[in-house]
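Down below is the structure, laid out as structure tokens.
Note that the structure is predicted; figures quoted are calculated from it, not measured. When reading the values below, keep in mind they use all heavy atoms of this one structure, side chains included, and skip hydrogens, waters and symmetry mates.
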Amino acid sequence: MIDFSRVQKELVECSKDTEGSGIKVTPKNDNLVRLNGTIPGPTGTPYEGGIFQIDITIPDGYPFEPPKMHFTTKVWHPNISSQSGAICLDILKDQWSPALTLKTALLSVQALLSAPQPDDPQDAVVAQQYLKDYQTFVSTARYWTESFAKTSSRGVEDKVQKLVEMGFPEAQVRSVLEAVGGDENLALERLL
């Protein structure tokens, strides 16, 4: 059985330090089972300046079982699937402890962006590139961050315009784009 009072406390705790850490956790659809996490890309990495969205599902056994997390923002990283957003991180699997929180889990995911572990990859193609052609890895990761994790005002307006031209209401388009961190393809999937 999920300890909802603990989840609620954790959400309050996260909201206290959002300005300092940049980490945010908000409920989806007013329930505490599905949450949306947001982490900023770490300084000095190809992910710097990006805002990354993470889908969080609280399992029945929480806090004795780890939360299920995956990126909804596309990320080029050896320990994150470029296809599904699945995250290879020990504390989200067998190294989870009830002493950990949603915030510490998201901080660990953010730290993973700074320190990839290519020897234990989630995405073998990215890991090979990281090990064999580091400069291309950095360029690709930076390009993906620019394309999927940054919402420049001009870029957002172009995306809104495109989706409105497809026949979707502007208010709905803006709301969905914000919810998916500016990912135009994900927004289109949600609008359909």
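Tested against Val126, the residues Ser81, Pro121, Pro118, Pro78 include a single side-chain contact (heavy atoms from CB on, under 4.5 Å) partner, Pro78. Under the side-chain contact (heavy atoms from CB on, under 4.5 Å) test applied with Ile56, the options Asn36, Val33, Leu102 reduce to a single match, Leu102.
A 4.5 Å side-chain heavy-atom check between Thr57 and Tyr62 finds every atom pair outside the cut-off. Annotation: side chain of Thr72 is not in contact with side chain of Ile54 (no heavy-atom distance under 4.5 Å). Considering only heavy atoms from C-beta on, Gln129 comes within 4.5 Å of Trp76 through its side chain. Inter-residue side-chain proximity for Val25 and Leu11 is flagged as met; some heavy-atom pair is nearer than 4.5 Å. Contact of the Val160 side chain with the Leu177 side chain is registered, since non-hydrogen atoms from C-beta on lie closer than 4.5 Å. Annotation: side chain of Thr145 is in contact with side chain of Phe52 (closest heavy-atom distance under 4.5 Å). Annotation: side chain of Ile23 is in contact with side chain of Pro40 (closest heavy-atom distance under 4.5 Å). The shortest distance between side-chain heavy atoms of Gln53 and Thr38 falls below 4.5 Å.
Across Lys159 and Lys150, no two heavy atoms sit closer than the pair NZ-O, 4.5 Å. Counting all heavy atoms, side chain and backbone alike, Leu92 lies closest to Ala105 at CD2-CB, 4.2 Å. Across all non-hydrogen atoms, the minimal contact from Ala86 to Gln122 is O-CG, 3.5 Å. Taking every heavy atom of both residues into account, Pro59 and Pro67 meet most closely at CD-CA, 3.8 Å. Closest approach of Pro42 to Tyr47, counting heavy atoms only: CD-CB, 4.1 Å. Residues His77 and Leu113 approach most closely at NE2-CA, 3.6 Å, considering heavy atoms.
If you chain together hydrophobic residues whose side chains sit under 4.5 Å apart, Ile80 and Tyr134 fall into the same group. One hydrophobic cluster, built from ILVMFWY side chains closer than 4.5 Å, holds both Val176 and Leu192. Val75 and Ile51 are not part of a single hydrophobic cluster, where members link through side-chain heavy atoms under 4.5 Å apart.
With rounding to the nearest 0.5 Å, the separation of CD in Glu65 from CG in Asp60 is 7.5 Å. Within the model, atoms CD1 of Ile87 and CE of Met69 stand 7.0 Å from one another, a figure rounded to the nearest 0.5 Å. Note that the CD1 atom of Ile39 and the OG1 atom of Thr73 stand 9.0 Å from one another [nearest 0.5 Å]. In this structure, CZ in Phe148 is found 11.0 Å from CG in Leu186, a value given to the nearest 0.5 Å. Taking CD of Gln8 as the reference point, atom CG of Asp3 lies at 11.0 Å (rounded to 0.5 Å). A distance of 4.0 Å separates CD1 of Ile2 from CZ of Phe4, quoted to the nearest 0.5 Å.
Side-chain atoms of Gln117 and Tyr130 form no donor-acceptor pair, as typed in the model, at a separation below 3.5 Å. Defined by atom type and a distance below 3.5 Å, a donor-acceptor pair is present between the side-chain atoms of Ser82 and Asp123.
Checking side-chain atoms of Ser147 against main-chain N and O of Tyr143 turns up a donor-acceptor pair under 3.5 Å. Here the side chain of Asn79 pairs a donor or acceptor atom with the backbone of Asp120 at under 3.5 angstrom.
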> Can you check salt bridge (Lys or Arg N to Asp or Glu O under 4.0 Å) on Lys162 and Glu165, steps first, answer last?
Replying inline: CA-CA 5 Å; Lys162 259 192 222 172; Glu165 285 171 4; over 6 Å; no
> Can Arg6 and Glu10 be said to form a salt bridge (Lys or Arg N to Asp or Glu O under 4.0 Å), step by step?
Replying inline: CA-CA 6 Å; Arg6 173 172 162 156; Glu10 288 189 37; 2.6 Å; yes
> Do Arg34 and Asn31 pass the side chain to side chain contact (heavy atoms under 4.5 Å, CB included) test, and can you show the C-alpha distance, the side-chain angles, and the key distance before you say yes or no?
Replying inline: CA-CA 6 Å; Arg34 295 290 309 276; Asn31 82 40; 4.1 Å; yes
> Lys9 and Glu13: salt bridge (Lys or Arg N to Asp or Glu O under 4.0 Å), yes or no, with the steps?
Replying inline: CA-CA 6 Å; Lys9 280 181 195 159; Glu13 217 30 62; over 6 Å; no
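Around the NZ atom of Lys93, the shell of radius 6.0 Å holds more than 12 heavy atoms that belong to other residues, nucleotides or ligands.
Contact check on Lys68 versus Asp55 returns no salt bridge, with no Lys/Arg side-chain nitrogen under 4.0 Å from an Asp/Glu carboxylate oxygen. Of the charged side-chain nitrogens involved, at least one lies within less than 4.0 Å of a carboxylate oxygen, so that Arg174 and Glu170 count as a salt-bridged pair.
Residues forming a salt bridge (charged side-chain N to carboxylate O under 4.0 Å, His left out) with Lys103 (at least two apart in sequence, or on another chain): Asp17.
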